[in-house]
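Have a look at the structure below, then the notes.
When a residue number appears, it is its place in the shown sequence, counting from 1. Each ligand, and each atom within it, is numbered from 1 in the order the structure gives.
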Amino acid sequence: MNGDFSAPKGIPDYFPPASADFLEVRNTLTDAAHRAGYGHIELPIFEETALFARGVGESTDVVSKEMYTFTDRGDRSVTLRPEGTAGVMRAVIQHGLDRGQLPVKLSYSGPFFRYERPQAGRYRQLQQVGVEAIGVDDPALDAEVIAIADEGYRRLGLSGYRLDLTSLGDDTCRPQYRETLQQYLLGLDLDEATADRARINPLRVLDDKRPEIREMTAGAPLMLDHLSDSAREHFAEVRRHLDRLGVRYEINPRLVRGLDYYTKTTFEFVHDGLGAQSGIGGGGRYDGLMRQIGGKQELSGIGFGIGVDRTILALQAEGVSVAGQGRVDVFGVPLGAAAKEEMVAVAGLLRDAGVRVDLAYGDRGLKGAMKAADRSGARLALVLGERELEGRTIEVKDLSNGEQEKVSLDDVLAQVASRLV
Ligand code: HAM
């Protein structure tokens, strides 16, 4: 360890040059949502603990094992947000956004916190871009949400991912199915822990990755075969829209998500280049959440959360680089005090015109300064020595081919602009 401190375990830092990829991924995914009319919501980093306990579900790992919960100085229990959907729903109810035009379409991005065991692709502070569309239960909206995520990934250049899709039914068919499944599972010769899970959340047993459990549950009843007529029609319509949109998916009737609020359409984007942490994004529809956290109405919503960190890892696994540009366009190299004074002003002039500029600070010699210029990724270097200054000229060097030209100092903006196009 360098120094006395390091970031807490499982908490990543983002710094140049990798932070440029981070911004590009976050912005590209957010732009895809904005193009479909989603407005930005900035959520609090922490909320009342009960919001997540009730919204996400007491029996989930996220709530029962992974929350960063503490008591504040006013003796209130608060929790660092482990996900975004409950907070969005809380804000919609609190501010009466559901009394305006529906659906309420919101997007968000930022850090979320889960006390998980850190490993590659699994952090205790994770970054998501998410969208939620609340108030209209229309299969076309489910398809829109899924298509936004798909478009975001494609625009980034990602291709080796798969979309798993299923329906978890609604409150007219899920309770009966749950019972049927539970009975089936408790009739098997399961180990104690798995039998316990079957009692608490039988659906999760279907997602068990252990081969012996897979084998035992191979003939288990599946939700997709027990959907109500309306849930079945809803799911069929989502698939028709996705087909028309050209979004490819695979039906995965055993898909189970780690949060309790899902109903009907449920999905996960999976990338095989990531090892165990293969989920790069997921989401679905939630019918009961608004009621669950005290809303007067019972409005359905649908949304996704995309893991920005895992998307970056997936891009790296595919060898796709997203942030192609260097840090700046122009790097100024002043030689001597008078030249530095002039160069600082030139940099200001260029930045005002929208050109990205950095300078060699600290009076380094020409060689060191040119090395810094190369490292900066700039297309052009501007070299100003005392001789040039006397003649009101400046040397413009194209760093991609080494070509160099003396131009008038008073014309520097136009000269730089014409070379950067
Ligand atoms: P989630 O599946 O829990 O869903 O998280 C969404 C994504 O966040 C995951 O697919 C994964 O890429 C990323 N992620 C989750 N945990 C970690 C971690 N420990 N380290 C790195 N990345 C992680 C939700 O959070 C829902 N709120 C999504 C949603 C929105 N559903 C409806 N609306």
One thing to verify: whether R124 and E116 come together as a salt bridge, which I'm taking to mean a side-chain N less than 4.0 angstrom from a carboxylate O.
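So E116 does not pair with R124 through a salt bridge.
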
Taking 4.0 angstrom as the limit, do R197 and D208 come out as a salt bridge?
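Yes.
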
For S278, what residues pass the side chain to side chain contact (heavy atoms under 4.5 Å, CB included) criterion, not counting sequence neighbours?
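Scan of S278 (side chain to side chain contact (heavy atoms under 4.5 Å, CB included), adjacent residues dropped) gives V270.
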
Mutual orientation of the aromatic rings belonging to F113 and Y68 [parallel < 30°, tilted 30-60°, perpendicular > 60°]
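Perpendicular: the ring planes of F113 and Y68 meet at over 60°.
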
Could you tell me if the ring centre of Y161 sits under 6.0 Å from that of Y153?
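They qualify: ring centres under 6.0 Å apart.
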
Centroid-centroid under 6.0 Å between Y286 and Y262 rings
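Ring centroids of Y286 and Y262 are no less than 6.0 Å from each other.
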
Proximal protein residues to ligand 1, non-hydrogen atoms under 4.0 angstrom
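E83, T85, Y108, R114, E116, G121, R122, Y123, L126, Q128, E132, R257, L259, Y261, Y262, G279, I280, G281, G282, G283, G284, Y286, G303, F304, G305, G307, R310.
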
